[in-house]
Undergrad: 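Okay, here's the structure, questions in a sec.
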Amino acid sequence: MTRKTLCTALLLTVFATGWAQQLPLYLDESQPIEKRVDDALRRMTLDEKIAVIHAQSKFSSPGVKRLGFPDFWTDDGPHGVRPDVLWDEWEQAGQTNDSCVAFPALTCLAATWNPKLSLLYGESLGEEALYRGKNMILGPGVNIFRTPLNGRNFEYMGEDPYLASRMVVPYVQGLQNKGVAACVKHYALNNDEENRHQVNVVVSDRALHEIYLPAFKAAVTEGKAWGIMGAYNLYKNQHNCHNAIMLNKILKTDWQFDGVVVSDWGGCHNTEEAVYNGLDMEFGSWTDGLTMGATNAYDKYYLALAYKQGIKEGRYTTKELDEKVRRVLRLFFRTTMNRQRGYGFLCSESHYAAARKIAGEGIVLLKNDNQVLPISPSAQPRLLVVGENAIKMMTVGGGSSSLKVQREISPLDGLRAVFKNVDYERGYVGDTGGQYNGVTTGQDLSEKRDADQLIADAVAKAREADYVIVFGGLNKSDYQDSEGHDRQEYGLPYAQDRLIEALAAVNKNLVYVNISGNPAALPWLKSVAAVVQGWFIGSEAGEALTDVISGEVNPSGKLPFTWVADLNDVPAHRLGTYPGTWREDHQIIDEEYKEGVFVGYRAVEKYKTRPLFAFGHGLSYTTFRLGKAQADKQAITGDEPLHVTLTVSNTGNRAGAEVVQLYIHDVKASVERPAKELKAFEKVFLQPGESKEVTFTIDRQALSFYDETQQQWTAEPGAFEALVGTSSAQIASRVKFTLK
């Protein structure tokens, strides 16, 4: 009997034996969930209650078999459903039916600036999870880009709290529409990977509430997320998996979160704090001899025998336990006990189409001198493709988001399917490996030529090519875009700069495609004709990138972060606060966020830096004109919103999309505020010559800052400006108004 049919079988047994009138209330789906939770809770023994709040394997927790509750299965996301691993090991189980579609990394999703695609993403991922028998996907991630060295930035949604908020809500809704719980991570302040278990973040209340919490709050209060994953790091000297302020006060009291708090794997450190400070389900702990390869040690978890023994000895009451179990049962009724869920499907045509669509809208055209792009296949140009990232699989590696895919189309194969004359040169050697937890790419990337010879061979062919397309950037190896470590430098690895400079010297039609989840230094930027940000875009990488390069898709992606020219332009590095300072006992690192709210584009004008590419920047193969913005009133009160309207026109000869962005500037405030803050945006699709009217609504919340003295959001009366443009650096129109 499968887990999914267990509840159904129990119901059929009840009716078949003729005592349907005695059907337990918790099995009656016509009853409200809270009544069913109460009924089930009353029937559970102490052992059953303890069991459901901690893991029984690497990725599952037990249900209540006596009452017909199936086991609960989680799995890593957020870009696809991770391959199954052995019960007690991290190595893959060796199954043949657990391949998946790899969807674009969340940096690419954020770069679409299209919430409708977030919904499609969540629904598609939910269908794959259902087919695989997964009840919770460990994602999405919404930690803020504080430094471009963060190895896990590729899993997150950029530097701006408003953009991340608008993109995370439909993702959560789409996933949970399919009956699969989202587990939004990593709550909170998990903004770098190095020494992540020891970092104690010191941050102002204002920066916490304005920058680092809004996306989590939106996921909970608007998306109604069923799960939140605590982060590894500490805040106010308490680990975030059992942090009284983060979990009890902010999440469960202020935001009225009714789901479960799940520990990150190994994020629980103390039974007493776990009992009282808001943790509901404990996974992956390494304590009392339990190591990353130990077997059958789950009873030694902090919320297992130690908790049970404490209750029996009177050190804890069952009040906190019942609250945890109540939340877990609520999760069960939303997922494993929801008989209305579908069955899902895996690797379908619709999922590949969704992945390709999201990738196509997320790819960002950063530079395009002399309209070198798009390149028309009909002209039969001679293309030279250079770079390891043109052939290297990127779905394997990077940490917990590593996948086992049914297929991954490389950029080189994607181009060769459309263009007739495509040659290839390696150019540089990066990571010749290709395995993670037993999943291997099967690629042989060994290379006998040295760096000088690789460059010489590429340059020789570049002289004869009509276009040179270099696929470079980062990969998912340690100390690049990968969980567990941060990058060690802002520059490109593997001597790529020397390669690109040599190629640019012999061919003026050089297109650089950056494959990464992070920006990097580009010292040769003026020497290349075009730059494309290609992200990690999963199964359809080659086809999606070829769509943009060939012009089949008109690029419409916009950067979800500021692409700085130099690492010192990032406040965390300028102010010397990253990666923090070890305490004398060398157990904890204190990392002070001295920059406060001035993260990303908010810091550009404060420190008068010049980024290579601004937040929100992205070019198109067509042109757009923004009309003058108009407000429906000159002054508003706290109860009536302001409406800002403008016309957007496609003045070119291709269909395309522009992202209109509205920022707010507080002319005079009692606290230092950024020169502009994103508060609205809309992606507008237009045919050549077409125009559309766009209206933004600005309410009191959009004008507010977090007042630390009052511990609440405050909008001060006075003069404001609404700034409308196509990036944080391209403001086309300003509207002045007053808040009375």
Side-chain angles (χ1 to χ4, degrees), residues 33-34 78 106 109-110 115-116 118-119 121-122 126 136-144 156-158 160-177 180-190 205-231 235 240 243-262 278-280 323 326-327 330-331 333-335 597 638-639 641 677-681 697-707 710-715:
I33 281 183
E34 296 309 310
L106 293 191
L109 176 62
K116 293 179 181 177
S118 280
L119 182 67
Y121 196 122
M136 172 181 277
I137 286 293
L138 304 176
V142 291
N143 294 100
I144 294 296
Y156 300 145
M157 294 187 177
D160 183 73
Y162 182 81
L163 174 62
S165 296
R166 293 309 94 214
M167 297 301 289
V168 71
V169 169
Y171 180 115
V172 170
Q173 292 171 334
L175 191 61
Q176 294 183 170
N177 286 347
V180 177
C183 188
V184 186
K185 62 186 187 184
H186 304 90
Y187 180 74
L189 301 165
N190 188 176
D205 286 348
R206 184 177 165 210
L208 177 68
H209 286 273
E210 288 191 25
I211 304 296
Y212 299 102
L213 291 185
F216 289 103
K217 182 178 181 180
V220 169
T221 61
E222 299 177 56
K224 307 299 181 185
W226 297 339
I228 291 286
M229 180 185 288
Y235 169 67
N240 278 343
N243 188 293
I245 295 174
M246 282 291 184
L247 301 180
N248 287 342
K249 182 185 183 302
I250 296 174
L251 180 64
K252 293 185 174 181
T253 301
D254 295 348
W255 299 349
Q256 294 293 293
F257 175 63
D258 70 354
V260 298
V261 174
V262 176
L279 180 62
D280 299 311
E323 173 59 21
R326 185 180 301 278
R327 291 173 178 272
R330 190 179 293 129
L331 180 65
F333 285 123
R334 287 166 167 169
T335 57
V597 299
D639 298 324
E677 297 175 87
L678 181 71
K679 295 300 179 182
F681 64 87
T697 300
I698 301 300
D699 58 14
R700 186 184 186 91
Q701 181 60 38
L703 310 180
S704 299
F705 65 90
Y706 190 81
D707 188 332
Q710 299 184 55
Q711 293 289 293
Q712 66 180 21
W713 289 89
T714 299

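All values below come from the heavy atoms of this structure, side chains included, with hydrogens, waters and symmetry mates left out.
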Undergrad: Anything under 3.5 Å between a donor and an acceptor, one on a side chain of residues 218-231, the other on a protein residue two or more places apart or in another chain? List them.
TA:
| from | atom 1 | to | atom 2 | distance (Å) |
| --- | --- | --- | --- | --- |
| Thr221 | OG1 | Lys217 | O | 2.8 |
| Glu222 | OE1 | Arg166 | NH1 | 3.1 |
| Glu222 | OE1 | Arg166 | NH2 | 3.4 |
| Glu222 | OE2 | Arg166 | NH2 | 2.9 |
| Lys224 | NZ | Thr221 | O | 3.0 |

Undergrad: Side-chain contact test, heavy atoms from C-beta onward, threshold under 4.5 Å: evaluate it for Asp707 versus Phe705 and give yes or no.
TA: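 Contact flag for Asp707/Phe705 side chains = yes.
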Undergrad: As an exercise, state the distance from CD1 of Ile144 to CD1 of Ile211, rounded to the nearest 0.5 Å.
TA: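 Answer for the CD1-CD1 pair, Ile144 versus Ile211, is 7.0 Å.
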Undergrad: Please check: side-chain N/O of Asp280 versus main-chain N/O of Arg327, any donor-acceptor pairing under 3.5 Å?
TA: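 Not a single qualifying donor-acceptor pair exists.
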Undergrad: If I compare all heavy atoms of Pro214 with all of Leu208, which pair ends up nearest, and what's the gap?
TA: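 Smallest interatomic distance, heavy atoms only, reads CD-O, 4.4 Å.
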Undergrad: Do Met136 and Thr335 come within less than 4.5 Å of each other through their side chains, counting heavy atoms only?
TA: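 Sidechains of Thr335 and Met136: no contact.
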Undergrad: Could you tell me which non-hydrogen atom of Pro641 sits nearest to which non-hydrogen atom of Thr697, and how far apart they are?
TA: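 Closest approach of Pro641 to Thr697: CB-CG2, 3.6 Å.
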Undergrad: Are the side chains of Phe216 and Val168 in contact, using a 4.5 Å heavy-atom criterion?
TA: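 The answer is no, as the side chains (C-beta and beyond) never meet within the 4.5 Å cut-off.
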Undergrad: List for me each residue that meets side chain to side chain donor-acceptor pair (under 3.5 Å) alongside Arg330, sequence neighbours excluded, and say none if there are none.
TA: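 Here the qualifying residues are Glu34.
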Undergrad: Checking Asp254 now: which residues fulfil side chain to side chain donor-acceptor pair (under 3.5 Å) with it, not counting sequence neighbours?
TA: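 Only Lys249 meet the side chain to side chain donor-acceptor pair (under 3.5 Å) criterion with Asp254.
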Undergrad: For the CD1 atom of Ile33 and the CZ atom of Arg334, what is their distance to the nearest 0.5 Å?
TA: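 Reported value, rounded in 0.5 Å steps: 6.0 Å.
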Undergrad: Starting at OH of Tyr706, measure out to CD of Gln712 and round the result to the nearest 0.5 Å.
TA: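 Going from OH on Tyr706 over to CD on Gln712, the span is 8.0 Å.
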Undergrad: Residues two or more places apart in sequence or in another chain: which of them pass side chain to side chain donor-acceptor pair (under 3.5 Å) with Gln176?
TA: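 Once residues adjacent in sequence are excluded, Gln176 has no partner under the side chain to side chain donor-acceptor pair (under 3.5 Å) criterion.
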Undergrad: Of all heavy-atom pairs between Met167 and Ser118, which one has the smallest distance, and what is that distance?
TA: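 Result for this residue pair: O-OG, 2.9 Å.
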Undergrad: Determine the minimum heavy-atom distance between Pro115 and Phe681, stating which atoms define it.
TA: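 That would be CD-CE1, 4.2 Å.
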Undergrad: Grab the two heavy atoms, one from Asn240 and one from Asn243, that are nearest each other, plus how far apart they are.
TA: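 Taking Asn240 first and Asn243 second, the nearest heavy atoms are OD1-ND2, 3.3 Å.
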Undergrad: Is any side-chain heavy atom of Ile250 closer than 4.5 Å to one of Ile245?
TA: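 In contact.
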Undergrad: Run the salt bridge (charged side-chain N to carboxylate O under 4.0 Å, His left out) test against Lys679 and tell me which residues pass, sequence neighbours left out.
TA: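 Counting only residues at least two positions away or on another chain, Lys679 forms no salt bridge (charged side-chain N to carboxylate O under 4.0 Å, His left out).
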Undergrad: First locate atom OG of Ser704, then atom CG of Asp699, and finally report the distance between them rounded to the nearest 0.5 Å.
TA: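 With rounding to 0.5 Å, OG (Ser704) is 8.0 Å from CG (Asp699).
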Undergrad: What are the two closest heavy atoms between Leu106 and Pro140, and how far apart are they?
TA: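 Between these two residues, the closest heavy atoms are CD1-CB, 3.7 Å.
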Undergrad: How long is the gap from OH on Tyr187 to CZ on Phe257, to the nearest 0.5 Å?
TA: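 So the OH of Tyr187 and the CZ of Phe257 are separated by 9.5 Å.
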Undergrad: Using a 4.5 Å cut-off on heavy atoms from C-beta on, say whether the side chain of Pro78 contacts that of Tyr156.
TA: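 No. Closest side-chain heavy atoms not under 4.5 Å.
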Undergrad: Answer yes or no: is there a side-chain heavy-atom contact under 4.5 Å between Trp255 and Leu213?
TA: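 Yes; the side chains approach each other to less than 4.5 Å.
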Undergrad: Do the non-hydrogen side-chain atoms of Asp258 and Gln256 ever get within less than 4.5 Å of each other?
TA: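 No, every pair of side-chain atoms sits at 4.5 Å or beyond.
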Undergrad: Measuring only between side-chain heavy atoms, which start at C-beta, is Val261 closer than 4.5 Å to Lys252?
TA: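 Val261 vs Lys252: side chains touch.
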Undergrad: Just to verify, what does Asn190 make a side chain to side chain donor-acceptor pair (under 3.5 Å) with, not counting sequence neighbours?
TA: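 Applying side chain to side chain donor-acceptor pair (under 3.5 Å) to Asn190 gives none.
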Undergrad: Go through the steps to decide whether Glu677 and Tyr162 satisfy the test side chain to side chain contact (heavy atoms under 4.5 Å, CB included), and finish with yes or no.
TA: CA-CA 9 Å; Glu677 297 175 87; Tyr162 182 81; over 6 Å; no
Undergrad: Between Val142, Asn143, Leu138, which is the residue that forms a side-chain contact (heavy atoms from CB on, under 4.5 Å) with His186?
TA: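 Per the side-chain contact (heavy atoms from CB on, under 4.5 Å) rule, the option paired with His186 is Asn143, out of Val142, Asn143, Leu138.
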